[in-house]
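Okay, so here's the structure we're looking at.
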Amino acid sequence: MDRAEPELFASREAVEGAVGRVAMEISEQYSDGAVLVSVLKGSLPFLADLVRAVDIAVEVDFLALSRFAADSGRVRLVKDLDCDVNGREVVLVEGIVDTGLSLGYLMGELHRRSAASVAVAALLNRSARRILPLEPDYVGFEAPDEFFLGYGLDWAGRYRNLDRLVIGDPDLLADDPDVYVPTLY
């Protein structure tokens, strides 16, 4: 279905409410603190707001993965952690959990590094596309099988800086990556 403009999924206020709820849940679970690990780049706005909203001691670090190799389901670590997670409580912060393939890889990697526990906080949980049976521990929004833009999620590097989440049309974006720029900014 072509859309002349993107459909609003979550307003700035709805996003703030979801972040506040997730932060409260994390704060209750990890009263002694945790390491929040952001998966770059899509989770950065979520992480930034989450860090300010939790009321526990946290250390923040970052990981980045390559894109999936064509038809392989394989990724590789292109930015590794700077901190040691051995024996520590870790919350992996994701913008969106989709197939679960990246999440499965990252959780396995953190467990191999002897994290005391690994939980997942996802802004969006799009379970309709799940391949691995993994579910985030903390979820901002349950998401339909749509293409999302905003609040860290992008198309060709565009739209990450929106303070809300919108549903875009990948076909329109493929034809013109700036198709929504006039209506969103």
request  = Begin from the C-alpha positions of Tyr159 and Phe148 and carry the test side chain to side chain contact (heavy atoms under 4.5 Å, CB included) through to its verdict.
outcome  = CA-CA 10 Å; Tyr159 310 105; Phe148 290 89; over 6 Å; no

Nearest heavy atoms of [X] and [Y], plus distance in Å:
{"X": "Glu89", "Y": "Ala116", "answer": "OE2-CB, 4.0 Å"}
{"X": "Leu47", "Y": "Ser38", "answer": "CD2-CB, 3.4 Å"}
{"X": "Pro170", "Y": "Gly168", "answer": "CD-O, 3.5 Å"}
{"X": "Leu134", "Y": "Gly100", "answer": "CD1-O, 3.7 Å"}
{"X": "Val97", "Y": "Ala122", "answer": "CG2-CB, 3.7 Å"}
{"X": "Gly140", "Y": "Ala18", "answer": "O-CB, 3.7 Å"}

key: Pair Leu8-Arg164, side chain to side chain contact (heavy atoms under 4.5 Å, CB included): steps then yes or no   = CA-CA 8 Å; Leu8 180 66; Arg164 61 204 175 277; 4.0 Å; yes

Parallel, tilted or perpendicular: rings of Phe141 and Phe9 (30°, 60°) = perpendicular

Exercise: do Tyr151 and Asn161 side chains pair donor with acceptor under 3.5 Å = no

key: Polar side chain donor-acceptor pair, Tyr180 to Asp169, under 3.5 angstrom   = no

same_hphob_cluster([X], [Y]) at 4.5 Å side-chain heavy-atom cutoff:
{"X": "Ile26", "Y": "Val139", "result": "no"}
{"X": "Tyr105", "Y": "Val78", "result": "no"}
{"X": "Leu50", "Y": "Phe62", "result": "yes"}
{"X": "Val19", "Y": "Val51", "result": "yes"}
{"X": "Leu106", "Y": "Val120", "result": "yes"}

query = Between Asp61 (side chain) and Cys83 (backbone), is there a donor-acceptor pair under 3.5 Å?
reply = yes

Straight-line distance of [X] [atom1] to [Y] [atom2], nearest 0.5 Å:
{"X": "Leu132", "Y": "Met107", "atom1": "CG", "atom2": "CE", "result": "10.5 Å"}
{"X": "Leu44", "Y": "Asp49", "atom1": "CG", "atom2": "CG", "result": "9.5 Å"}
{"X": "Asp163", "Y": "Arg12", "atom1": "CG", "atom2": "CZ", "result": "6.0 Å"}
{"X": "Leu123", "Y": "Leu153", "atom1": "CG", "atom2": "CG", "result": "6.5 Å"}
{"X": "Glu16", "Y": "Ser11", "atom1": "CD", "atom2": "OG", "result": "8.0 Å"}
{"X": "Gln29", "Y": "Ile56", "atom1": "CD", "atom2": "CD1", "result": "9.5 Å"}

Within-4.5 Å side-chain heavy-atom neighbours: [X] and [Y]:
{"X": "Val91", "Y": "Val35", "answer": "no"}
{"X": "Leu173", "Y": "Val179", "answer": "yes"}
{"X": "Phe46", "Y": "Val22", "answer": "yes"}
{"X": "Arg88", "Y": "Glu59", "answer": "yes"}
{"X": "Pro6", "Y": "Leu184", "answer": "yes"}
{"X": "Leu81", "Y": "Leu63", "answer": "yes"}

ask   = For Val15 and Leu165, what are the C-alpha separation, side-chain angles and deciding distance, and is it a side chain to side chain contact (heavy atoms under 4.5 Å, CB included)?
value = CA-CA 8 Å; Val15 170; Leu165 289 163; 4.2 Å; yes

inquiry  = I'd like to know if Lys79 pairs up with Asp82 as an ion pair, taking the criterion as any Lys NZ or Arg NE/NH1/NH2 lying under 4.0 Å from an Asp or Glu carboxylate oxygen.
reply    = yes

request  = With sequence neighbours excluded, give me every side chain to side chain donor-acceptor pair (under 3.5 Å) pair touching residues 123-138.
outcome  = Asp98-Arg126, Asp98-Arg129, Asn125-Arg130, Asn125-Glu135, Asn125-Glu142, Arg130-Glu135

message = Would you say the ring centers of Trp155 and Phe147 fall short of 6.0 Å from each other?
response = yes

